[in-house]
Number of protein chains: 2
Amino acid sequence: MAMAKKSTLVLVAERAGVSIASVSRVLNGLPASDRVVESVRAAARDLGYVPDATARSLKVGKTEQVALAVADVGNPVYVAMMHEISRVIAKDGYRLVLSSTGGAAQDEIDLLDNLNRGFADGLILSPLRVTDDLVARLRESRLPIVIIGSLPDGVELDNVRADSVRGVGLAVKHLAKQGRRQIAFINGPIDTVPGAARLGGYLRAMAKRELVVHPDAQVYASDFTFKAGLEAAESLISQFTPDAIVCANDLLAVAAMKVITRRGLSVPGDIALVGMDDTDIAELANPSLTSVNLGSVARARAAAKLLLRRLNDPGAPVKQIVIEPRLTIRESSIGPAQAATS
Amino acid sequence: MAMAKKSTLVLVAERAGVSIASVSRVLNGLPASDRVVESVRAAARDLGYVPDATARSLKVGKTEQVALAVADVGNPVYVAMMHEISRVIAKDGYRLVLSSTGGAAQDEIDLLDNLNRGFADGLILSPLRVTDDLVARLRESRLPIVIIGSLPDGVELDNVRADSVRGVGLAVKHLAKQGRRQIAFINGPIDTVPGAARLGGYLRAMAKRELVVHPDAQVYASDFTFKAGLEAAESLISQFTPDAIVCANDLLAVAAMKVITRRGLSVPGDIALVGMDDTDIAELANPSLTSVNLGSVARARAAAKLLLRRLNDPGAPVKQIVIEPRLTIRESSIGPAQAATS
DNA sequence: CTGTTAGCGCATTCAA
DNA sequence: TTGAATGCGCTAACAG
């Protein structure tokens with residue numbers, strides 16, 4: 001009740017007049033006589049006893065913590081994932097410890113070293129760039145790791161990813177159906193896993209529909225942020241006038257929206273816009289943003305469950321899960337282009 | 001190098017031909033002969049030895065972890081704070097463990113119990129609602145706690161808060177200067193600390209400028225989210241037509257922006273808009289959103305440093321820091337109302 | 001059902 | 001400088 005100093009099993013045992021083993025048993029719900037249970041409970045209550053997590057961890061070899069490492073905490077898609085992972089693992093008594101990396105592969109390698117100190121029981125990692133070195137370290141890791149995002153072929157690690165090639169395809173298909181022909185693409189850095197995949201998806205989808213890809217119709221933002229998106233959109237618009245733009249994520253799309261309206265053009269009247277990730281900001285945007293839902297929350301949940309599974313069964317077979325994308329249609333892409341209308 | 005099974009001090013000691021004490025010393029940089037240092041280093045490297053964090057924690061009584069509990073992980077302002085705190089404490093070797101609470105005081109009390117298990121060395125807490133019970137538990141806590149947000153008078157806890165009364169004042173003053181007279185207010189729940197403070201600020205600022213507060217000019221969103229903001233804005237607009245609205249945070253403001261434009265009105269032409277928190281979305285919004293910067297990042301940094309200070313010096317005097325607000329003016333509030341212009 | 005005991009892996013005191 | 005020994009607080013054998 002009152003600000004107890006710090007009681008341990010021994011203190012409780014003394015007060016209850018039993019052995020420390022009995023205290024431990026009672027507190028862990030193991031069989032004990034009513035008399036013992038009662039006295040232990042009372043003693044523990046009186047002393048304000050709280051079991052020590054560190055000591056328990058050392059003994060049982062589990063920290064009840066899961067580490068999460070994502071590249072960009074500023075990106076709403078990661079926030080949503082973080083939230084979901086936290087929710088899922090909490091149900092199994094795990095806490096979430098955040099390990100922010102700058103997106104550089106080296107940061108992630110450092111993290112792995114650190115992880116091996118055993119401050120967490122497992123890791124969920126969403127790397128932006130996957131180097132050979134990183135892959136090598138990943139395989140060597142002593143504890144369970146689940147990767148969110150694509151991995152090179154042949155890498156046998158639990159992993160859950162989105163089919164972003166198909167995702168971009170959905171966007172292009174939708175825009176084409178609305179009668180758009182000049183479909184540009186604002187991508188993030190091409191040397192990232194999502195950047196490369198989304199570019200591939202764009203090119204394939206355009207080819208499939210026999211839409212011509214104007215050389216000036218693709219630009220790359222220096223990273224997946226709003227700020228970089230502004231620059232990229234400026235550079236795109238100043239050299240080419242599309243009637244639609246697919247953006248590699250929602251932040252880039254919102255940036256494009258801003259640049260477009262700033263130029264006196266309208267969305268979707270002059271230029272239709274589709275983002276990716278379907279984050280909260282797609283809903284907030286004005287007009288609201290059509291976006292490819294890559295199942296971020298579903299991926300997060302799947303990753304968390306995969307990790308929990310492996311934590312409970314280290315020998316389980318490696319599992320790779322692909323989440324299918326779907327399109328969330330909102331205002332930014334509806335209707336034909338104004339030019340076509342008039 | 002290769003996937004070492006799991007080496008401990010003893011293993012390293014054996015291989016190096018010294019005692020475990022020497023290994024411990026070398027690895028912690030304590031004085032030792034060159035010969036010993038060298039052989040230990042070599043052995044450790046060969047074995048891929050990594051010290052165990054849990055064992056170290058148990059021994060030294062420190063986990064090197066700081067817990068952070070915020071009400072709503074979905075709110076960008078908390079994300080920004082989280083990020084900053086993580087950055088600051090990482091420099092001192094601390095990790096961040098996330099403890100999401102639902103915003104209910106009971107969740108926070110549960111968290112405190114949990115904290116006393118010692119999985120972290122300290123806590124940074126930003127409670128939405130401060131009950132007497134919570135305050136009582138806060139005082140009893142065995143480990144250092146820093147509160148972000150206002151506390152009842154007389155509660156002696158390290159704490160850093162924003163002067164949101166003045167913050168709202170800045171917003172009202174700015175709008176009044178632009179010639180707006182019918183300044184409405186969209187608040188969050190009134191039973192929260194920020195909700196209560198911001199309402200007070202609004203009323204005081206309006207009174208100070210002798211602006212009349214129409215009874216229908218204030219509405220309360222059921223929480224500080226975009227969705228709740230839509231409802232609140234609808235209900236406001238349908239009963240009253242202001243020429244400006246101050247919103248208790250950016251999410252509510254963006255929601256209001258959407259409702260306003262959906263009605264065919266313009267921002268800031270018909271209605272000027274000011275948000276609070278000055279989060280990323282203020283920049284993204286279209287038009288960009290004028291917002292009261294409550295120094296979220298500064299508060300986060302101050303809180304982190306306060307906690308680190310107390311961790312290093314448990315006897316330090318309690319410190320309470322107030323961060324001054326400032327206004328970030330953007331497009332949503334610039335210029336006179338259209339009616340006034342025409 | 002209960003008590004005694006042995007570590008988990010490490011930092012640290014105390015002797016040597 | 002170095003090694004042997006102790007114990008952080010707890011759980012899990014093992015006896016009784």
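Note on naming: letters A, B, ... go to the chains in the order of the sequence lines (proteins, then strands), and numbering restarts at 1 for each one.
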- Under 4.0 Å: is that the gap between some side-chain N or O of Arg56(B) and OP1 or OP2 of dC10(C)? no
- Rounded to whole angstroms, how far apart are CZ on Arg35(B) and C1' on dT1(D)? 10 Å
- Query: Between Leu9(B) (CG) and dG9(C) (C1'), how many Å, whole number?
  - Reply: 7 Å
- Query: Does Leu128(A) offer a backbone N or O that forms a donor-acceptor pair with the side chain of Thr192(A) under 3.5 Å?
  - Reply: no
- Closest to the Ala55(B) side chain, choosing from dC10(D), dG9(C), dT2(C): dG9(C)
- Message: Quick check against the 3.5 Å criterion: does Arg299(B) have a side-chain atom that pairs as donor or acceptor with the backbone of Leu294(B)?
- Response: yes
- Message: Under 4.0 Å, heavy atoms only, any strand: does Thr8(B) hit a base, just the sugar-phosphate, or nothing?
- Response: sugar-phosphate
- Message: Does either side chain, that of Thr225(A) or that of Asp223(A), offer a donor lying less than 3.5 Å from an acceptor on the other one?
- Response: yes
Restricting both atoms to N or O, compile the protein contacts to nucleotides 3-7 of chain C shorter than 3.5 Å, with distance only.
{"unit_1": "dG3(C)", "atom_1": "OP2", "unit_2": "Ser19(A)", "atom_2": "N", "d": "3.2"}
{"unit_1": "dG3(C)", "atom_1": "OP2", "unit_2": "Ser19(A)", "atom_2": "OG", "d": "3.2"}
{"unit_1": "dG3(C)", "atom_1": "OP2", "unit_2": "Ser22(A)", "atom_2": "OG", "d": "2.6"}
{"unit_1": "dG3(C)", "atom_1": "N7", "unit_2": "Arg25(A)", "atom_2": "NH2", "d": "3.2"}
{"unit_1": "dG3(C)", "atom_1": "O6", "unit_2": "Arg25(A)", "atom_2": "NH2", "d": "2.4"}
{"unit_1": "dG7(C)", "atom_1": "N2", "unit_2": "Lys59(A)", "atom_2": "NZ", "d": "2.8"}
{"unit_1": "dG7(C)", "atom_1": "N3", "unit_2": "Lys59(A)", "atom_2": "NZ", "d": "3.2"}

- Message: Looking at Gln320(A), is its backbone amide N or carbonyl O close enough to the side chain of Asn159(A) to form a donor-acceptor pair, meaning the two atoms are under 3.5 Å apart?
- Response: no
- From dG9(D), dG9(C), dT11(D), nucleotide with atom closest to Ser24(A) side chain: dT11(D)
- Message: In whole Å, I'd like the distance from the CG atom of Asp52(A) to the C1' atom of dC8(C).
- Response: 13 Å
- Query: Does the side chain of Thr54(A) get closer than 4.0 angstrom to OP1 or OP2 of dG9(D) through an N or O atom?
  - Reply: no
- Task: Determine whether more than 12 heavy atoms belonging to other residues, nucleotides or ligands lie under 6.0 Å from atom CD of Glu38(A).
- Result: no
- Task: Return yes if some donor-acceptor pair links the side-chain N/O of Asn312(B) with the main-chain N/O of Leu308(B) below 3.5 Å, else return no.
- Result: yes
- Message: Determine whether a donor-acceptor pair (N or O, by modelled atom type, separation under 3.5 Å) exists between the side chain of Arg15(A) and the backbone of Ala42(A).
- Response: no
- Message: Return whichever of Leu58(B) or Ala32(B) has its heavy-atom-nearest nucleotide of DNA chain D closer to the 5' end.
- Response: Ala32(B)
- Message: Treating Asn28(A) as the side-chain partner and Leu30(A) as the backbone partner, does any N or O pair qualify as donor plus acceptor under 3.5 Å?
- Response: no
- Note on the structure: Taken to the nearest whole Å, CD/Glu14(B) to P/dC10(C) is 13 Å
- Message: Using modelled atom types and a 3.5 Å cut-off, is there a donor and acceptor pairing between side-chain atoms of Ser57(B) and backbone atoms of Ala53(B)?
- Response: yes
- Message: Counting Watson-Crick and G-U wobble pairs with both distances under 3.5 Å, what is the dot-bracket string for DNA chain C, 5' to 3', using [ ] for crossing pairs and | for pairs to another strand?
- Response: ||||||||||||||||
- Query: Over how many whole Å does the gap from Glu64(B) atom CD to dA11(C) atom P extend?
  - Reply: 11 Å
- Query: Nearest-Å distance, CG (Leu27(A)) to C1' (dA12(D))?
  - Reply: 15 Å
- Query: Rounded to whole angstroms, how far apart are CG on Leu30(B) and P on dT1(D)?
  - Reply: 11 Å
